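A short write-up of the structure that comes next.
Keep in mind it's a predicted model, so treat the numbers as computed, not measured. Chain letters run A, B, ... following the sequence lines, proteins first, then strands; residues in each count from 1.
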Number of protein chains: 2
Amino acid sequence: MTSEISEKKTGNIRAKSQIKILTAARTEFVLQGYKGATVQSIADRAELPKANILYYFKNKENIYHAVLEHTLEMWDEGIGDIEADQGPKVAIEKFIEAKVRMSFNHPESSKIYAMEIIQGAQHLKDYARTYQRQWVREKAKLFQQWIDNGEMADVDPVHLIFLIWSATQHYADFETQILTIMNRADFEEEDVEQVIAFLCDIVLRGCGLI
Amino acid sequence: MTSEISEKKTGNIRAKSQIKILTAARTEFVLQGYKGATVQSIADRAELPKANILYYFKNKENIYHAVLEHTLEMWDEGIGDIEADQGPKVAIEKFIEAKVRMSFNHPESSKIYAMEIIQGAQHLKDYARTYQRQWVREKAKLFQQWIDNGEMADVDPVHLIFLIWSATQHYADFETQILTIMNRADFEEEDVEQVIAFLCDIVLRGCGLI
DNA sequence: CAATTAACTGACTAAATGGTTAACAACAAT
DNA sequence: ATTGTTGTTAACCATTTAGTCAGTTAATTG
């Protein structure tokens, strides 16, 4: 039987290699798409021989699944949830800020997710059908209560959620376009705060909360 | 020398075949990505032999370029431009409506475009750098004048354009997700109008125009 | 009709690619 | 040391795929 130390060491090698591979894979899948990313290109980016990649992941599809899973975990965690107790203004502000920060900090995850949806969500149909639909319904109900209480303007809650999703994720997915148009090489913390302020301003005023 | 009639007929065959091929190709590129779409799969979808595809387009990249070009033409035409003479309210309304209708009528073009940008805009860098950047600057200046004249709230014009782009294109690019969440099979004219009304409502109020 | 051009296609080829295997190296446990 | 486990990798193979080509048919023209 293996000792605790050896387990840790073994685990470390596995974990380190897997992270290295998944990081390289994520980039390749974004740049080249699923079919365009080759095991060899992932190996090159990870600076490992191809066979070593296939030692840790049985095949290319498994790598992709692992990347996708990681993406969904982030989506769940980083989303910051919409909380009921502080009213619509704070809830929307917090939600927008969480989503914008996510987009700027992890654009690749957002891109992987976007490409997956654009191509028909082959691997994510169930996720949207069960988890996401439920989440949207719950939050929509919450917004509707605020509307009924006269705490915010009468806007369609579901489309409001879509609006916030799209506007925030745009800064990740269309990074390249935005940087080119703004004639910038990279985003800075300043930009992140400006976007948060802008979106909160428009959306809150749009919801009659300012 | 070929007669006018023969030119027309010849042109017809070429044009018809090319449209057939490009339509099939567009769908395949959306569903499978550039590398994933094979010349054979495009041929199958177009119901033509593979060699016939390569008779009309020298190679796969040429097909993709043709698809992309068509997409950009649509983008230019359908965008409806932001006109100065009727003030910010009408300008924004018209722009939103044009973009939303475009998204619902030609989701595949929007998807091709989105994937291209997400993957780093390899084929579109120049387009964004020259044409788009100029367009955004022009329109931003226009918004700024309205702001300076006190005709609308002081919101960042460039980010306002990004917001409208993202919110409208979202209905094309994330079609699958939205339909799944809304538990619907297809969009109807009713939906289009609801989205237009919703977005105009939020954005106009967000800009202090209601 | 004869000749020229355009449209079309089955069969083939060279290169790329996902995945296997078998042999080897590092290392821990006894 | 011996044994077993994990990690590592070059070499190899089967399949897929873009693109070519040689030859055929259809259309057009003079």
Side-chain angles (χ1 to χ4, degrees), chain A residues 1-68 122-123, chain B residues 1-68 122-123:
Chain A
M1 184 193 154
T2 46
S3 76
E4 272 173 40
I5 290 167
S6 76
E7 264 178 0
K8 253 181 207 165
K9 271 189 183 166
T10 306
N12 266 337
I13 288 181
R14 286 200 84 83
K16 272 188 186 175
S17 287
Q18 285 179 345
I19 287 173
K20 217 172 167 186
I21 292 166
L22 289 178
T23 304
R26 183 162 35 250
T27 304
E28 282 300 311
F29 283 131
V30 168
L31 290 176
Q32 314 289 342
Y34 175 75
K35 201 66 195 291
T38 67
V39 178
Q40 186 61 60
S41 72
I42 294 170
D44 290 347
R45 191 173 288 271
E47 292 178 297
L48 291 171
K50 185 179 75 157
N52 193 236
I53 307 285
L54 292 163
Y55 167 73
Y56 282 109
F57 295 89
K58 299 256 175 301
N59 52 41
K60 188 172 145 179
E61 218 192 320
N62 275 347
I63 305 177
Y64 185 67
H65 271 128
V67 167
L68 213 53
Q122 305 279 338
H123 304 82
Chain B
M1 183 194 153
T2 47
S3 78
E4 272 174 40
I5 289 167
S6 76
E7 262 180 0
K8 252 179 207 167
K9 271 188 182 165
T10 306
N12 266 337
I13 290 181
R14 286 200 84 84
K16 273 188 185 175
S17 288
Q18 285 180 345
I19 287 173
K20 217 171 165 186
I21 293 166
L22 289 178
T23 304
R26 184 163 33 250
T27 304
E28 281 301 309
F29 283 131
V30 167
L31 290 176
Q32 313 290 341
Y34 176 74
K35 201 66 193 289
T38 67
V39 178
Q40 187 62 60
S41 73
I42 294 170
D44 290 348
R45 189 172 289 272
E47 292 177 295
L48 291 171
K50 186 180 76 157
N52 194 232
I53 307 287
L54 291 163
Y55 167 70
Y56 281 108
F57 295 91
K58 298 256 175 304
N59 52 43
K60 188 172 145 178
E61 218 192 322
N62 275 346
I63 306 177
Y64 184 68
H65 270 127
V67 167
L68 214 53
Q122 306 277 339
H123 304 83

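- Look at CG on Asn52(A): it is 10 Å from P on dG7(D), rounded to the nearest Å.
- The distance from the NZ atom of Lys35(A) to the CD atom of Gln32(B) is 8.0 Å, given to the nearest 0.5 Å.
- Relative ring orientation between His123(B) and Tyr34(B) is described as tilted, the plane-to-plane angle lying within the 30° to 60° band.
- Distance Glu28(A) CD to dT17(C) C1': 14 Å, rounded to the nearest Å.
- Separating the CD atom of Gln40(B) from the P atom of dT13(C) is a distance of 18 Å, rounded to the nearest angstrom.
- Residue Lys35(A) has no polar side-chain atom (N or O) positioned under 4.0 Å from OP1 or OP2 of dT17(C).
- Between Asn12(B) atom CG and dT28(D) atom C1' the separation is 15 Å, expressed in whole Å.
- Minimum interatomic distance between Ile42(B) and Ala24(B) (heavy atoms only, all atoms of both residues): O-CB, 3.7 Å.
- Listed for the Lys60(B) side chain is a donor-acceptor partner under 3.5 Å among the backbone atoms of Ala37(B).
- Atom OG of Ser41(A) and atom NZ of Lys50(A) lie 11.0 Å apart (nearest 0.5 Å).
- Residue Tyr64(A) contributes atom OH, which lies 18 Å from atom C1' of dG18(C) at whole-angstrom precision.
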Give every pair of a protein N or O atom and an N or O atom of nucleotides 23-25 of chain D that lie under 3.5 Å apart, one pair per line with the distance.
none

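- Summarising the geometry, atom CG belonging to Leu31(A) is positioned 12.5 Å from atom CZ belonging to Arg26(A); distances are rounded to the nearest 0.5 Å.
- Closest approach of Phe29(A) and Ile63(A) over heavy atoms only: CE1-CG2, 4.1 Å.
- Of the listed nucleotides (dA18(D), dA10(D), dG7(D)), dA18(D) has the atom at the smallest distance from the side chain of Thr38(B).
- The side chain of Arg14(B) places no N or O atom within less than 4.0 Å of a non-bridging phosphate oxygen (OP1 or OP2) of dA6(C).
- Heavy-atom nearest nucleotides on DNA chain D were determined for Ala51(A) and for Lys50(B), and the one closer to the 5' end corresponds to Ala51(A).
- Across all strands shown, Ala37(A) has heavy atoms under 4.0 Å from sugar-phosphate atoms exclusively, and none from any base.
- Applying side chain to side chain contact (heavy atoms under 4.5 Å, CB included) to Tyr56(B) and the options Asn52(B), Ile53(B), Leu54(B) leaves one that passes, Asn52(B).
- Near DNA chain C, meaning a heavy atom under 4.0 Å from it, residues 53-61 of chain A has Leu54(A), Asn59(A), Lys60(A) in order of number.
- Computed from coordinates, the Ile42(A) CD1 to dT17(C) C1' distance equals 12 Å when rounded to whole Å.
- Rounded to an integer number of Å, the gap from CD1 of Ile63(B) to P of dT17(D) is 14 Å.
- Atoms CG (Leu48(A)) and C1' (dA10(D)) sit 15 Å apart, rounded to a whole Å.
- Set against dG10(C), dA10(D), dG7(D), the side chain of Ile13(A) has dG7(D) as its closest nucleotide.
- Taking all atoms of both residues into account, the shortest heavy-atom contact from Ala46(B) to Ile21(B) is CB-CA, 4.4 Å.
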